Amino acid sequence: MLQVYSTELRAKTTFTPRLPGSVFMYVCGPTVYDSCHIGHARPAVVFDTARRYLEYSGYAVTFVSNITDIDDKIINRANELGISCAQLTSRYQDEYEADMTALGVRAPTIRPKATEHIREMIDLISELEKKGVAYVTPRGVWFDVSKFPAYGKLSGRTADDENTEHRVEQDGEKRNPQDFALWKFAKPGEPEWASPWGAGRPGWHIECSAMSGKYCDFQLDIHGGGADLCFPHHENELAQSEACTGRKFVKYWLHNGFITVPKDDSGDQKMGKSKGNAFWLREAFKLAPPAALRLWILGTHYRMPLLYKPELLDAAKNGLDRIYACVEALARVAAAGEISAETASHAKEADDAFRTAMDDDFNSPQALASVYDLVGVANNTIAKQAAPADCFALLQTLNAHLGVLGLPLSRPQAGSAKTDGLVKLLIELRGLARADKNFALSDKIRDGLTAQGITLNDRGGETTWTVS
RNA sequence: GGCGACGUAGCCAAGCGGUAAGGCAAGGGUUUGCAAAAUCCUCAUGCGCCGGUUCAAAUCCGGCCGUCGCCUCCA
């Protein structure tokens, strides 16, 4: 029985989707105005893993994740670069999708773009206006927080909590400091769309309500995103959506924690562009394969702070190597057939442990521990010259778990078909040298390959190789 | 100022009342022509500090110290 931690309840609770057997989940996607930093990878990976586990548990999952392609940052950046907003966002959306694919993040069922849902947003704002919870000023259309008494129920913030001296700026046009923009009228030169109130563009929060509303009927089972989105973004999204429909908008709000980086001896600090300590994802890809990044991310529970430092990527890479060494060893002997009772029980125990871990609010570090335990069992089984069928059964279990975690089923091979042939030839020559006890030559070949990042592995009478 | 989170071995990190998972690193044995890989063993009498509740606390309560986050664009 899956338990999830709900931000709204501030506690774990049993997960029961609105419609039995199917799950509708929405995860806030990126604003595409720049390259991804490693912080973008975390929500993508953890919610992708949640999705995969829900499917593993038998649910049909509709996974919606948007692209924000209109906003102030985009307008500013496009102006700086002297290109159109559309050129800018299409470039960075492509980059985002490529980076996520590298991390093993599956494409969402639906990936809606804000600019393609202006119509829906306008309808939503009209509805809010009709219900008397929106008002117009010279600068835009606003949501009137005072008309939605439940405001603050997600984040636990009430108007009284907010200390006005700590708010950066007051807006004289707003009736209440917490009121937020539904529609902003365009200034000269800004992108604009026609609306009943005047030409302009949507506020930040309305797009998620409109798109999740369209694709999930305003009744999501899970809504995910980074912890920083909880307030004000999600609080506002909730207010808009529930004020409009009068129904509960989201059953379970899930928020992932931040990535932190070591600051000095005293502690760690949140990573962020405004802190000037963000690491680009593509730089991280140079330090370790994307799969190792994914393993690093899943090594910490999604709600906890995730510490980033290059050594941790190395550690993840080494752990990954051990998993794949086991996968490869199993694959060498595996073949379908009748399995022993002992192996059957090992496989069952491993799967039970994995599910128990993931059922506890997607506890991936615990699940990973079960994977490593399974690796240990498998290595033992291989060492005992077990039947091919037993290896096959363990491999299947291991593959299933790697699949849920979104890790590749085999070690990424960097070589091309041509270099593969050359390496095989060199291994063959080395084998001949070794047969002649010409170890000077055989070691020269091995050392030369090592220098090229190719590690040889003599196992039994066979030599295999891996690319670092 | 308001709200919230966290402090577990050399480095990460689970555990959430029943007597410290897992990974990386390190050391030793087996194996190997030598390596690598694999394998076996070792590696926190103790979970920031001080009290309290309990037969029993890393886990609950109170206090203290330390770190971080949200309240403003941010994943």
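Naming: A, B, ... by sequence-line order, numbering from 1 per chain. Source: prediction; values computed, not measured.
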Protein heavy-atom contacts under 4.0 Å, written 5' to 3' over nucleotides 37-42 of chain B as B (base), S (sugar-phosphate only) or - (none), form the string SSSS--
Of the listed B:A25, B:C34, B:G22, the closest approach to the A:Tyr372 side chain comes from B:G22
Residues passing the salt bridge (charged side-chain N to carboxylate O under 4.0 Å, His left out) test with A:Asp99, sequence neighbours excluded, are A:Arg282
Measure distances between side-chain N and O atoms of A:Asn318 and base N and O atoms of B:G23, and say whether any donor-acceptor pair falls under 3.5 Å.
no
Polar atoms only, N or O, under 3.5 Å: list the protein pairs with nucleotides 58-61 of chain B and their distances.
none

Readout for nucleotides 10-21 of chain B: B = base within 4.0 Å of protein heavy atom, S = sugar-phosphate only, - = neither; 5' to 3' it is -SSSSS-----B
Exercise. Do the rings of A:His205 and A:Phe180 sit parallel, tilted or perpendicular, given the 30° and 60° boundaries?
Worked result: perpendicular
The ring-ring contact (aromatic ring centres under 6.0 Å, His included) partners of A:His401 (sequence neighbours excluded) come to A:Phe354
*Answer yes or no: side-chain N or O of A:Arg446 and base N or O of B:C34 forming a donor-acceptor pair under 3.5 Å.*
yes
Do any side-chain atoms of residues 375-384 of chain A form donor-acceptor pairs under 3.5 angstrom with protein atoms, and if so which ones, sequence neighbours left out?
{"residue": "A:Asn379", "atom": "ND2", "partner": "A:Val375", "partner atom": "O", "Å": "3.3"}
{"residue": "A:Asn380", "atom": "ND2", "partner": "A:Gly376", "partner atom": "O", "Å": "3.4"}
{"residue": "A:Thr381", "atom": "OG1", "partner": "A:Val377", "partner atom": "O", "Å": "2.8"}

Side-chain donor or acceptor of A:Trp296 paired with backbone N/O of A:Leu307 under 3.5 Å: yes
Next on the checklist: Can you check the distance between B:G1 and B:A44, where both ends of the measurement are the P atom (answer in whole Å)?
Outcome noted: 43 Å
